[in-house]
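I have a structure I would like to understand better, so I am pasting it below and will then ask my questions one at a time.
Below, all heavy atoms of this structure are taken into account, side chains as well, without hydrogens, waters or symmetry copies.
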Amino acid sequence: MALSTASRVQRVRRQLPFSPWLFAAPGLLITGVFILYPFVSTLVNSFTDRRTLIPGKFVGLANFRELLHDDMFWIGLRNSTLYVVGVVPALVVLPLLLALLVQKNIPGITFFRSAFYTPVVASIVVVGLIWVWLLDERGLVNSLLETIGVGRVGFLSDQWLLLLSAMAVTVWKGLGYYMIIYLAALANVPRELHEAAAVDGAGAVRRFLTVTVPAVRSTMVLVGALSSVAAFKVFSEVYLMAGPSGGPAGEDTTLVMLVQRTGTGLTGRVGYASAISVVVFVVTVALMLLVLRADRRDET
């Protein structure tokens with residue numbers, strides 16, 4: 001019986017040698033059309049002077065040399081880097097603390113888990129507009145500040161306050177997502193470790209530092225890598241709060257906003273925008289490699 005079954009399988013394989021590829025074809029097609037082709041096209045265009053309605057010609061490294069003398073590129077690189085520095089530590093630590101708070105099965109905790117996760121499923125456009133209304137000169141936050149005598153604050157008109165406000169929105173929206181990741185990791189931490197540490201006289205803070213953090217360290221690295229890439233490629237939050245111009249005199253422009261502004265429209269410089277996109281890709285890959293290398297170094 002076993003031999004007959006094996007012979008049937010071999011016969012089917014001989015008759016349909018490409019059947020595995022038929023099952024993989026839809027996924028490969030989607031990957032090729034929406035990921036591989038745009039990536040190769042962007043890479044090729046970065047070496048041309050292509051515009052929206054003009055195919056362009058090969059210019060070598062001219063676009064990349066121009067980047068070195070473009071003030072807006074350096075402003076975008078500065079803001080994207082500051083975004084990573086400001087957002088990533090918060091998104092690594094705060095969701096872990098939040099996960100510890102909602103981990104225990106107590107009455108009503110499901111409501112709080114759902115409430116913390118709600119911003120994740122909300123549209124970024126809706127979230128951005130809500131925060132714009134809150135932080136506007138005549139918004140709720142400034143009205144409260146004026147009521148208590150502090151005065152109105154230019155959250156959306158000051159260069160640095162606008163960037164910090166966008167960071168706050170990113171952190172607020174991402175807390176629930178990374179909280180779920182940490183909850184899955186905390187579920188695998190042996191309870192005996194906490195009980196042993198408590199018997200040795202370790203308090204809550206010490207148990208957190210000596211038991212919880214080492215146990216979820218790999219998850220913290222994962223969160224750090226994911227949030228770093230997302231923060232460096234930030235677009236929606238800053239665009240919605242600063243506007244298409246990128247805030248006062250364009251000082252809050254990020255690299256992805258610069259790509260959108262440079263490469264769109266009837267006269268868009270597609271080649272130059274592609275060069276900026278290549279730089280964004282290289283930096284995001286470098287960020288991930290740095291995080292992974294730091295994790296491996298700590299393990300050794």
Quick one: do Thr52 and Thr267 satisfy side-chain contact (heavy atoms from CB on, under 4.5 Å)? Show the steps, please. CA-CA 6 Å; Thr52 302; Thr267 59; over 6 Å; no

Which residues pass the side chain to side chain contact (heavy atoms under 4.5 Å, CB included) test with Ala215, sequence neighbours left out?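 Ala215: side chain to side chain contact (heavy atoms under 4.5 Å, CB included) contacts with Val189.
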
Considering all heavy atoms of both residues, which atom of Val169 and which atom of Val127 are nearest to each other, and what is their separation?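 Taking Val169 first and Val127 second, the nearest heavy atoms are CG1-CG1, 3.9 Å.
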
Keeping the roles fixed (side chain from Lys233, backbone from Ser80), state whether a donor-acceptor pair exists under 3.5 Å.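 Checking the backbone N and O of Ser80 against the side chain of Lys233, no donor-acceptor pair under 3.5 Å is found.
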
Evaluation steps, side-chain contact (heavy atoms from CB on, under 4.5 Å), between Phe73 and Leu255: CA-CA 7 Å; Phe73 169 75; Leu255 283 180; 3.8 Å; yes

Calculate, to the nearest 0.5 Å, the distance between atoms CD1 and CE belonging to Ile276 and Met257 respectively.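 Going from CD1 on Ile276 over to CE on Met257, the span is 12.5 Å.
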
Say you draw a straight line from CD of Glu66 to CG of Leu68; how long is it, rounded to the nearest 0.5 Å?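 Reported value, rounded in 0.5 Å steps: 10.0 Å.
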
Contact summary for Asn63 and Ser46, nearest pair of heavy atoms: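 In this case the closest contact between Asn63 and Ser46 is ND2-O, 2.9 Å.
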
Check whether Leu226 and Phe281 end up in the same hydrophobic cluster, where Ile, Leu, Val, Met, Phe, Trp and Tyr are linked by side-chain heavy atoms less than 4.5 Å apart.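 Cluster IDs for Leu226 and Phe281 match.
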
Of all heavy-atom pairs between Ala90 and Val171, which one has the smallest distance, and what is that distance?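 So the two residues come closest at CB-CG2, 4.0 Å.
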
To the nearest 0.5 Å, what is the distance between CZ on Phe155 and CG on Leu163?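 Answer for the CZ-CG pair, Phe155 versus Leu163, is 14.5 Å.
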
Would the number of heavy atoms belonging to other residues, nucleotides or ligands and lying under 6.0 Å from CZ of Phe235 be above 12?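 Check passes, neighbour count above 12.
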
Check the hydrophobic clustering (I, L, V, M, F, W, Y; side-chain heavy atoms under 4.5 Å; chains of links allowed) and say if Ile35 and Val280 are grouped together.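 In one cluster: no.
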
Tell me if the CG atom of Leu266 is crowded by more than 12 foreign heavy atoms within 6.0 Å.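 It does not: Leu266 CG has 12 such atoms or fewer within range.
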
Are Ser165 and Trp131 close enough, and set up right, to give a side-chain contact (heavy atoms from CB on, under 4.5 Å), and what steps lead you there? CA-CA 9 Å; Ser165 300; Trp131 279 89; over 6 Å; no

Would you say Tyr272 and Asp49 are linked by a side-chain donor-acceptor pair, where the criterion is simply a distance under 3.5 Å?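 No pair is found: no donor N or O on one side chain lies under 3.5 Å from an acceptor on the other.
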
Are there more than 12 heavy atoms of other residues, nucleotides or ligands under 6.0 Å from atom CZ of Phe232?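 Check passes, neighbour count above 12.
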
On a heavy-atom basis, which atom in Leu135 and which in Asn142 lie closest, and how many Å separate them?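 Scanning both residues completely, I find the closest heavy atoms to be O-ND2, 3.6 Å.
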
Is it true that Glu146 and Arg152 make a salt bridge, defined as a side-chain N closer than 4.0 Å to a carboxylate O?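 Yes.
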
Look up atom CE in Met167 and atom CG in Leu91, then write down how far apart they are to the nearest 0.5 Å.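 Answer rounded to 0.5 Å: 11.5 Å.
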
Are Leu96 and Phe208 packed together at the side-chain level, in the sense that at least one heavy-atom pair is separated by less than 4.5 angstrom?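 Answer yes - side chains close enough.
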
Leu156 versus Met241: any side-chain heavy-atom pair under 4.5 Å?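 A side-chain contact exists here, since the closest heavy-atom pair is under 4.5 Å.
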
Please tell me if the side chains of Ser157 and Glu137 come closer than 4.5 Å, counting only heavy atoms from C-beta onward.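 Yes, their side chains come closer than 4.5 Å.
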
Start with the C-alpha gap between Val213 and Met220, add the side-chain angles, then the distance that decides, and say whether side-chain contact (heavy atoms from CB on, under 4.5 Å) holds. CA-CA 8 Å; Val213 172; Met220 296 177 71; 4.1 Å; yes

Determine, for Glu251 against Arg78, whether the closest basic-nitrogen to carboxylate-oxygen distance falls under 4.0 angstrom.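 Result for this pair is yes, salt bridge flagged.
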
Quick one: does Met72's side chain get under 4.5 Å of Ile75's, heavy atoms only?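 SC-SC contact between Met72 and Ile75 confirmed.
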
Grouping I, L, V, M, F, W and Y whenever their side-chain heavy atoms are under 4.5 Å apart, do Phe34 and Leu43 come out in a common cluster?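 No, separate clusters.
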
Once rounded to the nearest 0.5 Å, what's the spacing between atom CZ of Arg217 and atom CG of Leu222?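 CG of Leu222 is found 13.0 Å from CZ of Arg217.
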
Could you state the interatomic distance from CZ (Phe116) to CG (Leu98), rounded to the nearest 0.5 Å?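 Rounded to the nearest 0.5 Å, the CZ-CG separation comes out at 5.0 Å.
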
Would you say Val120 and Leu183 are hydrophobically clustered, going by side-chain heavy atoms of ILVMFWY under 4.5 Å?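 Both belong to a single hydrophobic cluster.
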
Is there a donor-acceptor pair under 3.5 Å between the side chain of Thr81 and the backbone N or O of Leu77?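 Looks like yes, one N/O pair under 3.5 Å.
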
Whether the side chain of Arg113 engages the backbone of Val102 through a donor-acceptor N/O pair (distance < 3.5 Å, no angle test) should be reported.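 Here the side-chain-to-backbone pair exists.
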
Let me check something: do Phe39 and Met288 share a hydrophobic cluster, defined by ILVMFWY side-chain heavy atoms less than 4.5 Å apart, either directly or through other members?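 Shared cluster, no.
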
Does a donor on one side chain sit under 3.5 Å from an acceptor on the other, for Thr254 and Tyr239?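 No, because no side-chain N or O of Thr254 sits under 3.5 Å from a partner of the opposite role on Tyr239.
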
Taking the six-membered ring for Trp and the full ring for Phe, Tyr or His, determine whether the centres of Phe64 and Phe47 are under 6.0 Å apart.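 Yes; Phe47 has its ring centre under 6.0 Å from that of Phe64.
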
Within the structure provided, determine whether Ile130 and Val126 are in side-chain contact (heavy-atom separation under 4.5 Å).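 Sidechains of Val126 and Ile130: in contact.
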
Which pair of heavy atoms, one from Asp252 and one from Pro248, lies closest together, and at what distance?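 Asp252 and Pro248 have their closest heavy atoms at OD2-CD, 3.6 Å.
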
Please walk me through it: do Tyr83 and Thr170 pass side-chain hydrogen bond (donor to acceptor under 3.5 Å, both in side chains)? CA-CA 10 Å; Tyr83 218 89; Thr170 300; 2.6 Å; yes

Compare every heavy atom of Val270 with every heavy atom of Asn45, then report the nearest pair and how far apart it is.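 For Asn45 and Val270, the tightest heavy-atom pair comes out as ND2-CG1, 4.2 Å.
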
I'd like to know if the side chain of Arg261 pairs up with that of Thr253 as donor and acceptor (distance under 3.5 Å, no hydrogens or angles considered).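 Note: Arg261 and Thr253 side chains meet the donor-acceptor criterion.
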
